[in-house]
2 protein chains.
Amino acid sequence: MSNKNIGIKDVAVAAGVSVTTVSHVLNEVSYARISPETRDKVRIIAEQLGYGPNRLAQALRTQRTGMLGLVSEDIATTPHAGRIILGADEAAKARGYNLMIINTSGSASLESRRADVEALLERRVDGILYATMYHRNVELPANLGSVPSVLVDSVAAAGNITAVIPDEEGGARAAVEALLAAGHSRIGFINNTDDVPATRQRLRGFRATLTEAGLDGAAAPVESEVSEVQGGYEAARRILAREDRLTGLFCYNDRMAMGAYRAAAELGLVIPTDLSVVGFDDQELIAANLHPGLTTVALPHYEMGAWATEHLIDAVEGKTDLSLMALHPTILSCPLVRRDSITAPRQ
Amino acid sequence: MSNKNIGIKDVAVAAGVSVTTVSHVLNEVSYARISPETRDKVRIIAEQLGYGPNRLAQALRTQRTGMLGLVSEDIATTPHAGRIILGADEAAKARGYNLMIINTSGSASLESRRADVEALLERRVDGILYATMYHRNVELPANLGSVPSVLVDSVAAAGNITAVIPDEEGGARAAVEALLAAGHSRIGFINNTDDVPATRQRLRGFRATLTEAGLDGAAAPVESEVSEVQGGYEAARRILAREDRLTGLFCYNDRMAMGAYRAAAELGLVIPTDLSVVGFDDQELIAANLHPGLTTVALPHYEMGAWATEHLIDAVEGKTDLSLMALHPTILSCPLVRRDSITAPRQ
DNA sequence: GGACGTGGGAGACAGATGAGCAACAAGAAC
DNA sequence: GTTCTTGTTGCTCATCTGTCTCCCACGTCC
């Protein structure tokens, strides 16, 4: 039952000491010399009164709010945002920080995003996390630079801010390797049409892995469509109509894989016995609920949120120099999540 | 390019007036008598210097932070949380407030949730939104009561806090009415097994709507299973095996509907011509991506978040008395989202 | 000599912090 | 053995953070 009308002054009066002493005791100020008896008394009385410090007043004096701003794109659209927020929130909470969240849109004007950052700055957040909903290059409002900042799931167009991104190529490699390991050699890729890093890097990973396995990666079949269920369906129809009868299919994301499932069903192909499929994103709602469960590559949203928060706090507390880390984005791996959509090809 | 080292004092010096005057001008204090020239000068200089008020200091002085706390359950698990947050954020931003978010777990101990609320209180949020991820009765930490609070998507076990919840029964009615309107008369319901309000109220809506249409609602077939894809599949297998060949199926949620789709496919039933299906939740990722698109009932998460925020702010600003509203939860309607899973039954 | 037009001074908000002060003890000088 | 010095312990005072707001002051005009 903490009563927020209780101040340090009330504790001081009740304990018969000065506010200075109460402050010293409660903050365990190292150089303060106070007898153990007094310390106990202060602590007990503070507890009894349900005293909690006014973080506003603390922050005003110490120039530290213990708040981090999180500008997040399109919170409602994907579950990805939730995972980033969760990772950030847990990392922040563990170190005594809290998150102030502002939603923005990927298509919002630079000015409106500047205003969002400004709102955070007026509240004197100690640092800012800027999270985008998919891996790309973003143009950032200039005022972002006025406090320590970290980018999540994208890199700054200007290249001047520390960022953490997923290992798209490594994820693609893991996916293709899983197909190779199961014995497949006729493997296709249905890719996204957007010109974003994920599109390019997953393709690179796809081709390189095949080549390294002794196959002709450069000639391996690739069909591109809009990265939605319908696009996946169409690309799969095309790629499965090839003469060389693919047995393994790597999909740009789980939604496209969902379309591929339908295409396969229409063609009378049973997954995984006739066609093994791997997705990307690990969108639980889709991947775990398709039948059979979709083996896919997980994007490390939680981990990116946590990593970014850890390092942001380190910077805030002077333990790290973010400008050094800004030179190259940090890359977090995308682990394969095995379900039931891969098996050995038929003879 | 706002510089956060600039204070009201700097503006005052640069403008050659007192801080009082600057404060009066910038806050447009009604009783302040200051010449238009002075006002302009102050405003221009503040702008030039990139002055932004220190909200901490303002808050300390005025006892208003303009921050709302949002305790949200399981942010990462469903997209629902994102929609609530979005609704709350937009409503808050429109009125000059910001959101401080803390994640918690539906299964977290009362004590840990008390600590979460406590963290918010120490930061002197003006009010608290407490959002759960599905409609149920929750036991709330007692310190929630120390500032204005509103519950989102649940009602307080103690019944003492203003709440906003979805119209589960109305949503079920809309779903069944859509089937009736298409001409169906043999309609079944696959329900959840959890004993939560949604389970009971959707069932009630299902039966009542049939009865009012002159059918035997009390005898209408209902099968219950765990509210996941697999449960939906099993319940659908059972309910579709009945002799009276249902032509319409109402599903507790979209995940169960997804399972029903598979059951129908296995039985050689084509949706919607052989079987019309309605879901609940409008989980985009599922409903829009099933084939054919699933007609379903949308839960008003965005609206609940916005409604709760509006009324919370009203209470904070003294325009509303929440204790009066606490007597009965506010119920927001669940609109039907039409896609392609309903058509007229075969003759 | 009030009324009006313009503007400034001095707390107060709640807590943090460096400097300083009283009380006492141990050791040194006489 | 007494006084002075120096040090330590235990705690307090004054000031600071940036802004708001009540109350007062000054000059001018009727």
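Chain letters run A, B, ... following the sequence lines, proteins first, then strands; residues in each count from 1. Keep in mind the model is a prediction, meaning the values are calculated, not measured.
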Toward the 5' end of DNA chain C, which comes first, A:R55 or B:A32, by nearest nucleotide? B:A32

Minimum-distance nucleotide (side-chain atoms of A:R33 versus C:dC21, D:dT17, C:dG15): C:dC21

Should A:Q58 be listed as having a side-chain N or O under 4.0 Å from OP1 or OP2 of C:dA16? yes

In whole angstroms, the gap separating C1' of C:dG7 from NZ of B:K41 amounts to 12 Å

Using a heavy-atom cut-off of 4.0 Å across all strands, would you classify B:V17 as base, sugar-phosphate, or nothing? sugar-phosphate

Check whether any side-chain nitrogen or oxygen of A:S23 sits under 4.0 Å from OP1 or OP2 of C:dA16, and answer yes or no. yes

Students often get this wrong, so: under 4.0 angstrom with heavy atoms, is B:T62 touching a base, only sugar-phosphate, or nothing? sugar-phosphate

Gap between atoms CD1 and C1', on A:I8 and D:dC11 respectively (whole Å): 14 Å

For B:Q63 and for B:S18, locate the closest nucleotide of DNA chain C by heavy-atom distance; then report the residue assigned to the nucleotide nearer the 5' terminus. B:S18

Rounded to whole Å, please give me the gap between OH in B:Y31 and C1' in C:dC4. 18 Å

C:dG9 base to B:T20 side chain: any donor-acceptor pair below 3.5 Å? yes

Length of the CG-P vector between B:L60 and D:dG18, whole Å: 12 Å

Just the rounded figure in Å: distance from C1' of D:dG18 to CG of B:N5. 13 Å

Are A:R33 and A:Y31 in a cation-pi contact, defined as NZ or CZ under 6.0 Å from the six-membered ring centre and within 45° of the axis? no

Under a 4.0 Å N-O cut-off, is there an ion pair linking A:E317 with A:R95? yes

Should B:T21 and B:S18 be marked as a side chain to side chain donor-acceptor pair (under 3.5 Å) after you check the CA-CA gap, both sets of side-chain angles, and the distance that decides it? CA-CA 5 Å; B:T21 301; B:S18 71; 3.2 Å; yes

Quick one: B:I6 CD1 to D:dG18 P, roughly how many Å, whole number? 11 Å

If you define the side chain from C-beta out and look only at heavy atoms, does anything of A:D126 sit under 4.5 Å from A:L312? no

Can you tell me which nucleotide in D:dG18, D:dT21, C:dA16 comes closest to the side chain of B:A57? D:dG18

Look at the side chain of A:N54 and decide which nucleotide, out of D:dC22, D:dT19, C:dG15, has an atom nearest to it. C:dG15

Rounded to whole Å, CG of A:L56 lies from P of D:dT19 at a distance of 14 Å

Of the options D:dC11, C:dG15, D:dT19, whose atoms approach the side-chain atoms of A:S35 most closely? D:dC11

Output yes when B:K93 and A:D116 qualify as a salt bridge under the 4.0 Å nitrogen-oxygen rule, no when they do not. yes

From C:dT17, C:dA14, D:dC11, pick the nucleotide closest to the side chain of A:H24? C:dT17

Given atom CD1 of B:I34 and atom P of C:dC4, what is their separation to the nearest angstrom? 18 Å

